[in-house]
Structures are given as C-alpha cells and as structure tokens.
Amino acid sequence: MSASHTSFKAPQVLRIETMSLDLGEMAVVIELDAAPSRAWAHALDKALLQGEGLEDASARFDGRFVYIIGLDPELRGAVQRVSRVLAVVQGRAEQGARVPAAAHAGRQAVHA
C-alpha cells in the first residue's frame, strides 16, 4: 500500500457465540484475531444503533473479545443480526483502507 493511502486493518472474526447473563439478558461474544482499533470499535458502536433488534445493545471490549450486551433473550437470530452488523463494519474498514489519505485531511474525529 502506498503512503498516500490511510492504512486500516480490521480484525478478523474467529468465532461468535451467545451466552446467557445472570440478569435475564443475553450476550453475543465475538472473538477477534487481534484487539480492534478505536476507529473499528467506534464503527461497531454506530452500526449496532442501526442494526434491527440491536438498538438497545452495546459493545464492551476486552482485548480480542467483544461482548454485545443488553440483548433480549427472546431475540431470535441474534448471532445472524450481529454478523450482519460486523459485515457492515468490516466493509467500511475495507472501503476506508482504499480512500486516499488526502480525503481524510479535512475530517475531524469525534470520540465519545
């Protein structure tokens, strides 16, 4: 990759599982091949807000693991829904890797 492009490597998903929490909620656990960058984590947070049935969910990060919490245990297809959100985030990361760095020069990152 040339120096004129912004480098952004998205972590690869190794596995996704569901687990029940003591509070009567369900969580989706995602294991990644590497700890995600802040930009990737922020993109995941934003994508969750737009995911059908995932609006109330939030992501918690612990190294290579991502925990999607706040899911209704009655939610059907939670893993598939989270997988679709991950596909969107991965697609954005890949697309961003091909955008010339000059295109990012006027943008300012906002972190919560």
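Annotation: side chain of Q90 is in contact with side chain of W40 (closest heavy-atom distance under 4.5 Å). Within the 4.5 Å cutoff, side-chain heavy atoms of L75 are placed close to those of L54. With a 4.5 Å cut-off on side-chain heavy atoms, V13 and L32 count as touching. At a threshold of 4.5 Å between non-hydrogen side-chain atoms, the residues L21 and M19 count as touching. Using a 4.5 Å heavy-atom threshold, the side chains of D45 and F61 count as touching.
Checked for salt-bridge contact, E74 and R76 miss the test: no charged N lies under 4.0 Å from a carboxylate O.
The shortest heavy-atom contact between G63 and P36 is O-CD, 3.4 Å. Closest heavy-atom contact between V89 and A43: CG2-O, 3.8 Å. Contact between S58 and L48 at its shortest, heavy atoms only, is C-CD1, 4.1 Å. Residues P11 and A34 come closest through the heavy atom pair CB-O, 3.5 Å.
With values rounded to the nearest 0.5 angstrom, M26 atom CE is found 7.0 Å from D72 atom CG. With rounding to the nearest 0.5 angstrom, the CD1 atom of I68 is 5.0 Å from the CG atom of L44. Distance check, rounded to the nearest 0.5 Å: CG of L49 to CD of E55 gives 8.5 Å. A distance of 5.0 Å separates CG of L86 from CD1 of I16, quoted to the nearest 0.5 Å. Atoms OG and CD, on S20 and E25 in that order, are 11.0 Å from each other to the nearest 0.5 Å.
With hydrogens and angles disregarded, a donor-acceptor distance shorter than 3.5 Å links the side chain of D33 to the backbone of Q12.
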*Is there a side chain to side chain contact (heavy atoms under 4.5 Å, CB included) between L71 and V28 once you walk through the steps?*
CA-CA 8 Å; L71 299 171; V28 173; 3.5 Å; yes
*asked:* Under the criterion side chain to side chain contact (heavy atoms under 4.5 Å, CB included), I'd like the reasoning laid out for R15 against V29: C-alpha separation, chi angles, the key distance, then a yes or no.
replied: CA-CA 8 Å; R15 106 185 126 154; V29 181; over 6 Å; no
*CA sep, side-chain torsions, deciding dist, call: F65, I30, side chain to side chain contact (heavy atoms under 4.5 Å, CB included)*: CA-CA 6 Å; F65 291 89; I30 306 161; over 6 Å; no
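At most 12 non-hydrogen atoms from other residues, nucleotides or ligands lie less than 6.0 angstrom from CD of E52.
Under the 4.5 Å side-chain heavy-atom criterion for Ile, Leu, Val, Met, Phe, Trp and Tyr, V79 and I69 are members of distinct hydrophobic clusters.
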